[in-house]
Structures are given as structure tokens and as C-alpha cells.
Asks: 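This is the structure I want to talk about, given as C-alpha cells.
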Amino acid sequence: VQLSMLPKPPQNINNYLCDHCVIPSLYLSGDFVDYQSISKRNVLFYIGDVSGHGSSSAFITVLLRFRIAQMRREYIRGRYAAEFSPAQILQELNNDLLDTGLDKHITMCLGILDNTNNCLDYSIAGHHPLPILYEKGKASFIDPGKSSFPIGLVDDAEYFNTRMELANDFTIFSSI
């Protein structure tokens, strides 16, 4: 079930090549990746790692994917009331996860790529190792910006948007 929820790699979405490789483990886990168009110019992507193993962690990945897809649909239809930003999405996911009472948390990196100005807006919720940006022949960790908690730990957690300009040719990669 988990493998069937992953996007089919590789995909060219709004002039960005999106790809991933998953090496299945012997246990159910909460590692997840997704990427999808949210407009003609924007691509949403995220990498998540749910705490623990087993069916409860796997269930959280289903909840995560469902809620992000729901927010995406509301945004595309013009019914998303709040600002559609990485930090706002993480805030809503934090509230949702705390409401489940499942005593799980998720580390995440969530970003929105914009192909009109070649920018990345992102927010990091306790995800380590940090994603790596490769551009102009150099690799470096993405600046985490302000510190933030993993999703599902505390109800007063704050998440912060960070923006960076990207070179015309770049790669962002991460491991979980």
C-alpha cells in the first residue's frame, strides 16, 4: 500500500524533473516522499519521516498524504482560506497530527518551486539530515532558516518560510 501511494518516477512537472528511489525495508515504516503540480508555475514537494515503525507509522503516512492532497485541491479550486505556504501547511499538519492523539511525530522538509522566478520557498520541521542543494558545481546543505519542531510534538510549534533563489541548473536531494 505504501509503495502504491508514491509518485511514479521520474516525472517532468512544470519543467522540473522530479525523481526518487525507495529501498523497501523489512518493516512497515513512515518514510514518505511526494511531488505534484499546484499550478502551471509551481511544484509542491515534501519529504517526511514518521517516528517509529509498524502499522501506526505507516498509517500516519496515509494521513499525511491525504491531508496534503486535500489542501492542494482546496488551493487549486480557490477555496484554501489561509496563505498556501510551506509553513502554513506544516502548521495545519501539526494540528491534525496532535488531534489524532497517536503519540507520533514527523520530521519534514516541504517546499514549493516556482519556475517563473526560479525560487524555492520551503520550511523544515526538524528534518535531518538537511536536504542538499547542488548548483554551480557545488553541494551544500539547505539553510534550515529558523529552528522548528517536528510535526506532532507540541501545539504551540511555529513553522517558518524561507526563500532562496536557485540557479537555472540545480538538484535538491535528501535521504530519510
Asks: Verify side-chain contact (heavy atoms from CB on, under 4.5 Å) between M164 and L133, making sure each step is shown before the conclusion.
Replies: CA-CA 11 Å; M164 69 177 359; L133 173 66; 4.0 Å; yes

Asks: With side chains defined as the heavy atoms from C-beta onward, is the minimum distance between H128 and T107 less than 4.5 Å?
Replies: no

Asks: Checking the side chain of D114 only, and the main-chain atoms of C119 only, is there a donor and an acceptor separated by less than 3.5 Å?
Replies: no

Asks: How are the rings of F84 and Y75 set relative to one another: parallel (under 30°), tilted (30 to 60°) or perpendicular (over 60°)?
Replies: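 Parallel, since the angle between the ring planes stays under 30°.
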
Asks: Any side-chain heavy atom of F45 sitting closer than 4.5 Å to one from L113?
Replies: yes

Asks: Measuring from D49:CG to M108:CE, what's the distance to the nearest 0.5 Å?
Replies: 11.0 Å

Asks: Please report the interatomic distance CG(L120) to CZ(R163), rounded to the nearest 0.5 Å.
Replies: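 The CZ atom of R163 is 9.0 Å from CG of L120, to the nearest 0.5 Å.
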
Asks: Is atom CD of E158 surrounded by more than 12 heavy atoms (other residues, nucleotides or ligands) closer than 6.0 Å?
Replies: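 Atom CD in E158 is not crowded, with 12 or fewer foreign heavy atoms closer than 6.0 Å.
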
Asks: May I ask you to decide if L110's main-chain N or O and S123's side chain share a donor-acceptor pair within less than 3.5 Å?
Replies: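 No, S123 side chain to L110 backbone: no donor-acceptor pair under 3.5 Å.
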
Asks: Closest heavy-atom contact between I124 and P144?
Replies: CD1-CA, 4.0 Å

Asks: For residues D121 and P86, report the shortest heavy-atom separation together with the two atoms involved.
Replies: O-CG, 3.4 Å

Asks: Indicate, with yes or no, if F66 and Y80 share a hydrophobic cluster defined by side-chain heavy-atom contacts under 4.5 Å among Ile, Leu, Val, Met, Phe, Trp and Tyr.
Replies: no

Asks: Hey, could you give me the CE/CD1 distance between M71 and I76, rounded to the nearest 0.5 Å?
Replies: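 These two atoms lie 13.0 Å from each other.
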
Asks: Out of curiosity, S37 OG to N42 CG, how far, rounded to the nearest 0.5 Å?
Replies: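 Going from the OG atom of S37 to the CG atom of N42 covers 8.0 Å.
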
Asks: For residues Y134 and F170, determine if any side-chain heavy atom of one lies less than 4.5 Å from a side-chain heavy atom of the other.
Replies: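 No - every pair of side-chain heavy atoms lies 4.5 Å or more apart.
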
Asks: Short question: side chain of E135, backbone of A167 - any donor-acceptor pair under 3.5 Å?
Replies: yes

Asks: Could you tell me the separation between the CD atom of Q91 and the CG atom of D96, rounded to the nearest 0.5 Å?
Replies: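 The distance works out to 10.5 Å.
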
Asks: Counting only heavy atoms not in N117, do more than 12 fall under 6.0 Å of its CG?
Replies: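 Buried by this count: over 12 neighbours within 6.0 Å.
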
Asks: Would you sort out whether I151 and Y159 count as a side-chain contact (heavy atoms from CB on, under 4.5 Å), showing the intermediate values?
Replies: CA-CA 9 Å; I151 295 163; Y159 301 96; 4.1 Å; yes

Asks: With a 4.5 Å heavy-atom cut-off, do I106 and L97 have their side chains touching?
Replies: yes

Asks: Any chance you could lay out the side-chain contact (heavy atoms from CB on, under 4.5 Å) test for N115 and V43, step after step, and finish with the verdict?
Replies: CA-CA 8 Å; N115 69 13; V43 175; over 6 Å; no

Asks: Any side-chain heavy-atom pair from L63 and T100 closer than 4.5 angstrom?
Replies: yes

Asks: Would you kindly confirm whether L98 and V62 end up in one hydrophobic cluster when ILVMFWY residues are joined by side chain heavy atoms under 4.5 Å apart?
Replies: no

Asks: For the hydrophobic clusters of this structure (ILVMFWY residues joined by side-chain heavy atoms under 4.5 Å, transitively), does one cluster hold both I142 and L166?
Replies: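 In one cluster: yes.
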
Asks: Considering residues, nucleotides and ligands other than F160, do more than 12 of their heavy atoms fall under 6.0 Å from its CZ?
Replies: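 Counting neighbours around CZ of F160, more than 12 heavy atoms of other residues, nucleotides or ligands fall under 6.0 Å, so yes.
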
Asks: Quick one: do N95 and D155 satisfy side-chain contact (heavy atoms from CB on, under 4.5 Å)? Show the steps, please.
Replies: CA-CA 7 Å; N95 296 338; D155 61 358; 5.7 Å; no

Asks: Looking only at atom types and distance, does a side-chain atom of N161 sit under 3.5 Å from a main-chain N or O of A87, one as donor and one as acceptor?
Replies: yes

Asks: Quick one, F173 and I47 - any side-chain contact, counting heavy atoms below 4.5 Å?
Replies: no

Asks: Measure the CG-OG distance between L102 and S51 for me, rounded to the nearest 0.5 Å.
Replies: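 Going from CG on L102 over to OG on S51, the span is 10.0 Å.
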
Asks: For D169, is the CG atom crowded, meaning more than 12 foreign heavy atoms sit under 6.0 Å from it?
Replies: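 For D169, atom CG is not crowded (no more than 12 foreign heavy atoms under 6.0 Å).
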
Asks: Side chains of R73 and Q70: donor-acceptor distance under 3.5 Å anywhere?
Replies: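 No, because no side-chain N or O of R73 sits under 3.5 Å from a partner of the opposite role on Q70.
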
Asks: Any side-chain donor-acceptor pair under 3.5 Å between N94 and E92?
Replies: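 E92 and N94 do not have a side-chain donor-acceptor pair below 3.5 Å.
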
Asks: Could you report the tightest heavy-atom contact between I172 and P131, atom names first, then the distance?
Replies: CG2-CB, 4.2 Å

Asks: Give a yes or no on whether D103 atom CG has more than 12 heavy-atom contacts from other residues, nucleotides or ligands under 6.0 Å away.
Replies: no

